[in-house]
Amino acid sequence: MISEHLPKNASKFNRLRVKPKEFEKQLDWLKENGFKSYFLSEISSELPEKSVIMTFDDGYKDNLTNALPLLKKYNFKANIFIVTNRFNRDWAHDRDTAKSSSELNNEEMLSDDEVKILLDSGLAEIGSHTLDHVNLPSLSDSEKELQMSISKQEIEKKFGIKCETFAYPFGFFDKSSVEIAKKHYKFATTTHNDVYKSSYNNHEIPRIMISGRGGILNFILKIKKGRDR
């Protein structure tokens, strides 16, 4: 999320919230240091060394209200993975407890019309994050197939696009999840913390989490080394 932090006593998830001013500092540093952004679907062996792919999970409204103006200002792209049933106020669960999170469920989500605005900007690529933000390894193969294939179909029908990218909810996946992802998507991302290397297959792509609790120096270390120390 690109949003201001909630009061500490009211939030468990401020680490997921990067303040807009911090996000702008990050984009400014990337621009000044010669980085160029790409969509996930553009991954290839020909990308230059100073390449970055930004990803946002779930489909929060702040992707439009807070992130897009800054993406436009610095001419950077982003991948946004949406939960298609994100309007259900019980879709978001705490990864650690597996219980519904009122904090996350109370966040405003992107409407379908707002997703279209993001697409029309030319700076957003929309991918799937399943129908219901489920823990895929806990499901049967038929349930995984439903969550991963129907969400793709709904995105393609609603927005008139090809949906080629996927993010495993919570970063949880198993062998059958990967096999099903291969059937429906060209690329799938995990939450394994690392920079992308050619040794990774296209359906287990790592990502570096940018925490809302870290400052610009923490960000720079993660970009340079894939870690903050």
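Throughout, residue positions are numbered sequentially from 1 according to the sequence presented.
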Would you indicate whether the side-chain heavy atoms of [Y] and [X] approach each other to under 4.5 Å?
| X | Y | result |
| --- | --- | --- |
| E22 | R17 | no |
| L123 | K72 | yes |
| L68 | S121 | yes |
| P137 | Y168 | no |
| I82 | H129 | no |
| Q147 | L139 | yes |
| F81 | P169 | no |
| E125 | E42 | no |

Under 3.5 Å, is there a donor on one side chain and an acceptor on the other for [X] and [Y]?
| X | Y | result |
| --- | --- | --- |
| S176 | K144 | yes |
| T55 | R207 | yes |
| S140 | E143 | yes |
| E164 | H184 | no |
| S111 | D113 | no |

K182/E179 salt bridge by N-O under 4.0 Å criterion: yes

Test of ring centre spacing under 6.0 Å for F170 and H133: yes

Is a donor on one side and an acceptor on the other found under 3.5 Å between the side chain of [X] and the backbone of [Y]?
| X | Y | answer |
| --- | --- | --- |
| E108 | K61 | no |
| D58 | Y60 | no |
| K222 | M209 | yes |
| K77 | M54 | no |
| D62 | T65 | no |
| S51 | L47 | no |

For [Y], is the NZ or CZ atom of [X] found under 6.0 angstrom from the centre of its six-membered ring and inside 45 degrees of the ring axis?
| X | Y | value |
| --- | --- | --- |
| K116 | F159 | no |
| K152 | F166 | no |
| K31 | Y74 | no |

Side chain to side chain contact (heavy atoms under 4.5 Å, CB included) between Q26 and I210, intermediate numbers included: CA-CA 10 Å; Q26 295 164 3; I210 304 302; 3.6 Å; yes

Stepwise side chain to side chain contact (heavy atoms under 4.5 Å, CB included) check, S3 with N66: CA-CA 7 Å; S3 66; N66 294 338; 4.2 Å; yes

Taking a hydrophobic cluster as the set of Ile, Leu, Val, Met, Phe, Trp and Tyr residues connected by side-chain heavy atoms closer than 4.5 Å, whether directly or through intermediates, do [X] and [Y] fall within one such cluster?
| X | Y | result |
| --- | --- | --- |
| F173 | Y185 | yes |
| M148 | I155 | no |
| Y200 | I205 | yes |
| F187 | I126 | no |
| V52 | F23 | yes |

If you round to the nearest 0.5 Å, how far is [atom2] of [Y] from [atom1] of [X]?
| X | Y | atom1 | atom2 | answer |
| --- | --- | --- | --- | --- |
| L27 | S37 | CG | OG | 9.0 Å |
| D132 | N85 | CG | CG | 4.5 Å |
| K25 | L30 | NZ | CG | 14.5 Å |
| Q153 | L146 | CD | CG | 9.0 Å |
| T189 | I53 | OG1 | CD1 | 10.0 Å |
| N135 | D174 | CG | CG | 9.0 Å |

V83/L131 under side chain to side chain contact (heavy atoms under 4.5 Å, CB included): CA gap, chis, key distance, verdict: CA-CA 5 Å; V83 176; L131 291 171; over 6 Å; no

Full working for salt bridge (Lys or Arg N to Asp or Glu O under 4.0 Å) between R86 and D112: CA-CA 11 Å; R86 61 194 178 281; D112 289 343; 3.0 Å; yes

Which atom of [X] lies closest to which atom of [Y], heavy atoms considered:
| X | Y | answer |
| --- | --- | --- |
| P69 | L64 | CD-O, 3.3 Å |
| P20 | L70 | O-CD1, 3.6 Å |
| D57 | A167 | OD1-CB, 4.2 Å |
| T165 | S41 | CG2-N, 4.2 Å |
| M109 | E114 | O-OE1, 3.9 Å |

F35: which of F219, W29, F76 passes ring pair (Phe, Tyr, Trp, His ring centres under 6.0 Å): W29

K157 NZ: over 12 foreign heavy atoms closer than 6.0 Å: no

Test side chain to side chain contact (heavy atoms under 4.5 Å, CB included) applied to F56 and N79, V18, I80, the passing residue: I80

Worked verdict on S138 versus F172 for side chain to side chain contact (heavy atoms under 4.5 Å, CB included): CA-CA 9 Å; S138 71; F172 295 161; over 6 Å; no

